[in-house]
Amino acid sequence: CEEAATSMGLSDTTAELTVGCSGCKPPGCYFQDSSLAEGSLVFNPDLGSTKGCNNADLSKLLKKEKNCRITAVDKYENINHIEEIDEYFSFDLDNGLPDLDYSQYDYILLLDVIEHLKNPENFMIKLKKKIDKNSKVQVIISTPNIGFLIIRLMLLFGSFNYGKRGILDKTHTRLFTFSSYKNLLTQCGFNLIDISGIPAPITMITGNNIVGNILMKLNKSLIFFSKRIFSYQIYSKVKPQISVELLLEQARSQVDDNEK
């Protein structure tokens, strides 16, 4: 969570943050910096439902370090860690997006979300329509890489078993390689700004010790040579393709400025 918050580039000033999720799916957070007018909408595995799947680490970090105000959205009536949020609404992300003013946000974070959705293409198209008049907005997305080396080796030996967590989490309905993920973005009307790989959470297995840290550094080095094979997850920044309405508005504004 700390890495995600750092990559968001959030300032330390007072901010407003909204977090939402759909069941045990990653929630969404909407961040607005009160002094710089910078905001972000984050879908992230952060707040658990009453069935208990997450621990609110990101919410804790953003409230402590960024002084965020948090509103949560989840398909269930109740959630855990209610003390980490300021408002709560029940909403299923498979039914679309919450009815919010998306023009006020500068960042949208979809952290481990699209692989849980029944129709990620439809979701991304709806999101694009919500934000394509906002020229400042950037979307930060992470999703598992099905092309990860371990998965390739499993397939080589005829194994492809879903489990309780990881890339083959049984709640994952759609999985992506770097190529198929890029195709998703292009087809849904987004321009890719940056894309990189995230190493496997090795220290969760080995513990935070010398061996685990060495293996993490090795994984990061291998990603440098081939992110398609050695990345556990895909991390990217994208922007929606600008709408015709916004282009016309910008043209009119430029004409007015020239006349002045």
Chemist: Using side-chain heavy atoms (C-beta onward) and a distance below 4.5 Å, is Ile141 in contact with Tyr181?
Modeler: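 They are in contact (side-chain heavy atoms under 4.5 Å apart), so the answer is yes.
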Chemist: Checking the side chain of Ser159 only, and the main-chain atoms of Leu155 only, is there a donor and an acceptor separated by less than 3.5 Å?
Modeler: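 It does not hold such a pair.
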Chemist: Knowing that exactly one of Asn134, Leu97, Val137 qualifies, which makes a side-chain contact (heavy atoms from CB on, under 4.5 Å) with Tyr102?
Modeler: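 Of Asn134, Leu97, Val137, side-chain contact (heavy atoms from CB on, under 4.5 Å) with Tyr102 is met by Leu97 alone.
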Chemist: Check this for me, if you would: do Arg165 and Asp169 make a salt bridge, where the nitrogen-to-carboxylate-oxygen distance has to be below 4.0 angstrom?
Modeler: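 No, this pair does not count.
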Chemist: Are Val113 and Leu184 in one and the same hydrophobic cluster, where Ile, Leu, Val, Met, Phe, Trp and Tyr link if side-chain heavy atoms are under 4.5 Å apart?
Modeler: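 Yes; Leu184 is reachable from Val113 via cluster members.
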Chemist: Once you round to the nearest 0.5 Å, how far does CD1 of Ile223 lie from CG of Leu218?
Modeler: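 Between atom CD1 of Ile223 and atom CG of Leu218 there are 10.0 Å.
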Chemist: With side chain to side chain contact (heavy atoms under 4.5 Å, CB included) as the test, would you mind laying out the steps for Ser236 and Ile140 before giving the verdict?
Modeler: CA-CA 6 Å; Ser236 68; Ile140 299 175; over 6 Å; no
Chemist: Is there a side-chain contact between Thr173 and Asn119 (heavy atoms, below 4.5 Å)?
Modeler: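 Sidechains of Asn119 and Thr173: no contact.
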Chemist: If you count the non-hydrogen atoms of other residues, nucleotides and ligands that lie under 6.0 Å from CG in Asn209, is the total more than 12?
Modeler: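 Correct, the count exceeds 12.
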Chemist: Between Phe123 and Cys188, does the side chain to side chain contact (heavy atoms under 4.5 Å, CB included) criterion hold? Intermediate values first, please.
Modeler: CA-CA 9 Å; Phe123 178 85; Cys188 296; over 6 Å; no
Chemist: Would you say CG of Leu153 has more than 12 non-hydrogen atoms from neighbouring residues, nucleotides or ligands within 6.0 angstrom?
Modeler: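 More than 12 heavy atoms, drawn from other residues, nucleotides or ligands, come within 6.0 Å of this atom.
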Chemist: Would you say that Phe190 contacts Lys128 through its side chain, given a criterion of any heavy-atom pair below 4.5 Å between the two side chains?
Modeler: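 Yes. Closest side-chain heavy atoms under 4.5 Å.
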Chemist: If every non-hydrogen atom of Ser231 is compared with every non-hydrogen atom of Gly197, which pair is closest and at what distance?
Modeler: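 Scanning both residues completely, I find the closest heavy atoms to be OG-CA, 3.0 Å.
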Chemist: Can you give me the closest heavy-atom contact between Gly147 and Thr177, atom names plus distance?
Modeler: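 Here Gly147 and Thr177 meet closest at N-CG2, 4.3 Å.
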Chemist: What's the shortest heavy-atom distance between Met154 and Asn161, and which atoms?
Modeler: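 Closest approach of Met154 to Asn161, heavy atoms only: CE-N, 4.1 Å.
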Chemist: Which is it for Thr203 and Thr206 under the side-chain hydrogen bond (donor to acceptor under 3.5 Å, both in side chains) test, yes or no, and what are the steps along the way?
Modeler: CA-CA 5 Å; Thr203 53; Thr206 64; 5.8 Å; no
Chemist: I'd like to check Lys227 versus Ile195 (side-chain heavy atoms, cut-off strictly below 4.5 Å). Are they in contact?
Modeler: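 When only atoms from C-beta onward are counted, Ile195 and Lys227 do touch, with a gap below 4.5 Å.
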Chemist: Before giving the answer on side chain to side chain contact (heavy atoms under 4.5 Å, CB included), spell out for Ile242 and Lys133 the whole-Å C-alpha distance, their side-chain angles and the decisive distance to 0.1 Å.
Modeler: CA-CA 7 Å; Ile242 194 167; Lys133 295 180 183 178; over 6 Å; no
Chemist: Report the distance from atom CD1 of Ile114 to atom CD of Glu121, rounding to the nearest 0.5 Å.
Modeler: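 One gets 9.0 Å once the value is rounded to the nearest 0.5 Å.
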Chemist: In this structure, would Leu175 and Phe178 fall into the same cluster of hydrophobic residues linked by side-chain contacts under 4.5 Å?
Modeler: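 Leu175 and Phe178: separate clusters.
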Chemist: How close do Arg152 and Arg228 get, heavy atom to heavy atom, and via which atoms?
Modeler: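 Minimum heavy-atom separation between Arg152 and Arg228: NH2-O, 3.7 Å.
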Chemist: Using a 4.5 Å cut-off on heavy atoms from C-beta on, say whether the side chain of Phe176 contacts that of Asn183.
Modeler: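 Not touching, per the 4.5 Å side-chain cut-off.
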Chemist: Testing the basics here: between Lys126 and Asn95, what is the closest heavy-atom pair and its distance to 0.1 Å?
Modeler: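 Closest approach of Lys126 to Asn95: NZ-O, 4.0 Å.
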Chemist: Check whether Asp94 reaches the backbone of Lys118 with its side chain - one donor and one acceptor, N or O, closer than 3.5 Å.
Modeler: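 Checked: pair present.
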Chemist: So do the side chains of Val139 and Lys239 get within less than 4.5 Å of each other, counting heavy atoms only?
Modeler: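 When only atoms from C-beta onward are counted, Lys239 and Val139 do not touch, as no gap falls below 4.5 Å.
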Chemist: Do Ile193 and Val238 come within less than 4.5 Å of each other through their side chains, counting heavy atoms only?
Modeler: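 No, side chains not in contact.
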Chemist: Any non-hydrogen side-chain atom of Phe230 less than 4.5 Å from a side-chain atom of Leu149?
Modeler: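 Result yes, sub-4.5 Å side-chain heavy-atom pair found.
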Chemist: Would you give the length of the straight line joining atom CD1 of Ile167 to atom CD of Glu115, rounded to the nearest 0.5 angstrom?
Modeler: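 Going from the CD1 atom of Ile167 to the CD atom of Glu115 covers 10.0 Å.
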Chemist: In Å and rounded to the nearest 0.5 Å, what is the CD1 to OG distance from Ile234 to Ser142?
Modeler: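 Separation between the atoms: 9.5 Å.
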Chemist: Find the distance between CD1 (Ile150) and CG (Asn145) and round it off to the nearest 0.5 Å.
Modeler: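 Separation between the atoms: 12.0 Å.
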Chemist: Could you check Thr143 against Tyr235 for side-chain hydrogen bond (donor to acceptor under 3.5 Å, both in side chains), going step by step and ending with a plain yes or no?
Modeler: CA-CA 7 Å; Thr143 190; Tyr235 173 86; over 6 Å; no
Chemist: Grab the two heavy atoms, one from Tyr232 and one from Gly166, that are nearest each other, plus how far apart they are.
Modeler: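 Scanning both residues completely, I find the closest heavy atoms to be OH-CA, 3.2 Å.
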Chemist: Rounded to the nearest 0.5 Å, what's the gap from CG on Asn208 to CD1 on Ile202? Could you check?
Modeler: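 It is 12.5 Å, given to the nearest 0.5 Å.
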Chemist: Answer with yes or no whether the hydrophobic clustering places Met204 together with Ile151; edges join I, L, V, M, F, W, Y residues whose side-chain heavy atoms lie under 4.5 Å apart.
Modeler: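 In one cluster with Met204: Ile151, no.
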